[in-house]
J.: 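I have a structure I would like to understand better, so I am pasting it below and will then ask my questions one at a time.
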Amino acid sequence: QVQLVESGGGLVQAGGSLRLSCTTSGRIFSSYAMGWFRQPLGKEREFVATISWNAGSTNYADSVKGRFTISRDHAKSTMYLQMNSLKPEDTAVYYCAVRGRGSFYDASDDDGDYTYWGQGTQVTVSS
């Protein structure tokens with residue numbers, strides 16, 4: 001059973017910063033691409049950022065480019081999402097995920113490529 005544990009969500013004012021963390025087992029972490037997705041209340045889940053297994057490739061949603069940075073630390077088996085210049089429209093439940101379908105080494109913005117998901121962490125940005 002693959003478990004992903006997220007942390008770092010919370011309440012922040014517009015313009016502020018938060019860093020989300022996602023930890024999983026070392027075996028999974030070292031071999032698979034991972035991603036962050038979010039789901040605003042009452043809306044569908046949407047792609048935020050993705051990173052390849054070796055961090056050689058990253059991709060971001062247009063809405064977060066230049067503000068968010070995805071990274072991973074193999075020594076800690078942890079993926080991060082540094083979120084700066086937060087806006088109220090960034091308010092959502094954020095999920096980390098491990099890619100288990102297709103070319104699972106490669107970054108992907110398609111949530112259908114991901115097979116393992118965290119429980120989600122709430123990010124609320126006040127105006």
J.: With sequence neighbours excluded, tell me which residues meet side-chain hydrogen bond (donor to acceptor under 3.5 Å, both in side chains) with K43.
T.: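 Once residues adjacent in sequence are excluded, K43 has no partner under the side-chain hydrogen bond (donor to acceptor under 3.5 Å, both in side chains) criterion.
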J.: Quick one: does Q119's side chain get under 4.5 Å of E6's, heavy atoms only?
T.: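 Q119 vs E6: side chains touch.
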J.: How close do T78 and S21 get, counting heavy atoms only, and between which atoms?
T.: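 What the structure gives for the nearest pair is CG2-CB, 4.1 Å.
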J.: Examine R19 relative to Y80 and say whether NZ or CZ is less than 6.0 Å from the centre of the six-membered ring and inside a 45° cone about the ring axis.
T.: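 Verdict for Y80: a cation-pi partner in R19.
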J.: For residues Y105 and I51: do they belong to one hydrophobic cluster (side chain heavy atoms under 4.5 Å, members Ile, Leu, Val, Met, Phe, Trp, Tyr)?
T.: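 Y105 and I51: one cluster.
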J.: Does the side chain of F37 come within less than 4.5 Å of C96's, by heavy atoms?
T.: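 Contact flag for C96/F37 side chains = no.
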J.: Mind jotting down which residue pairs meet the side-chain hydrogen bond (donor to acceptor under 3.5 Å, both in side chains) criterion with at least one end in residues 48-60? Sequence neighbours excluded, please.
T.: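 Pairs touching residues 48-60 that pass the test: T50-Y114, S52-N54.
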J.: V93 versus R38: any side-chain heavy-atom pair under 4.5 Å?
T.: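 Counting from C-beta outward, V93 and R38 never come under 4.5 Å.
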J.: Is the shortest side-chain heavy-atom distance between V2 and T24 below 4.5 Å?
T.: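 A side-chain contact exists here, since the closest heavy-atom pair is under 4.5 Å.
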J.: Rounded to the nearest 0.5 Å, what separation is found between the CZ atom of R67 and the OG atom of S85?
T.: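 Separation between the atoms: 7.0 Å.
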J.: Does L86 share a hydrophobic cluster with Y95, counting links as ILVMFWY side-chain heavy atoms below 4.5 Å and allowing steps through other members?
T.: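 No, L86 and Y95 fall in different hydrophobic clusters.
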J.: Do Q122 and T124 get their side chains close enough for a donor-acceptor pair, meaning under 3.5 Å?
T.: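 Checked: Q122/T124 side chains pair up, N/O donor to acceptor below 3.5 Å.
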J.: So W117 and L4, side-chain contact (heavy atoms from CB on, under 4.5 Å) or not? Walk me through it.
T.: CA-CA 6 Å; W117 294 83; L4 287 80; over 6 Å; no
J.: Are the side chains of M83 and L81 in touch, meaning some heavy atoms are under 4.5 Å apart?
T.: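 SC-SC contact between M83 and L81 confirmed.
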J.: Is the number of heavy atoms from other residues, nucleotides or ligands within 6.0 Å of CD (Q3) greater than 12?
T.: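 No - once you tally the heavy atoms of other residues, nucleotides and ligands closer than 6.0 Å, there are 12 at most.
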J.: Do F104 and Y32 have ring centroids that are under 6.0 Å from one another?
T.: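 Y32 vs F104: aromatic centres under 6.0 Å.
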J.: Would you name the heavy atoms of S127 and A14 that are closest together and state the gap between them?
T.: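 So the minimum-distance heavy-atom pair works out to CA-CB, 4.4 Å.
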J.: Are any of the side-chain heavy atoms of F47 and D111 separated by less than 4.5 Å?
T.: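 The answer is no; the side chains never approach within 4.5 Å.
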J.: With Q82, which residues qualify under side-chain hydrogen bond (donor to acceptor under 3.5 Å, both in side chains), at least two apart?
T.: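 For Q82 the side-chain hydrogen bond (donor to acceptor under 3.5 Å, both in side chains) partners, ignoring immediate neighbours, are N84.
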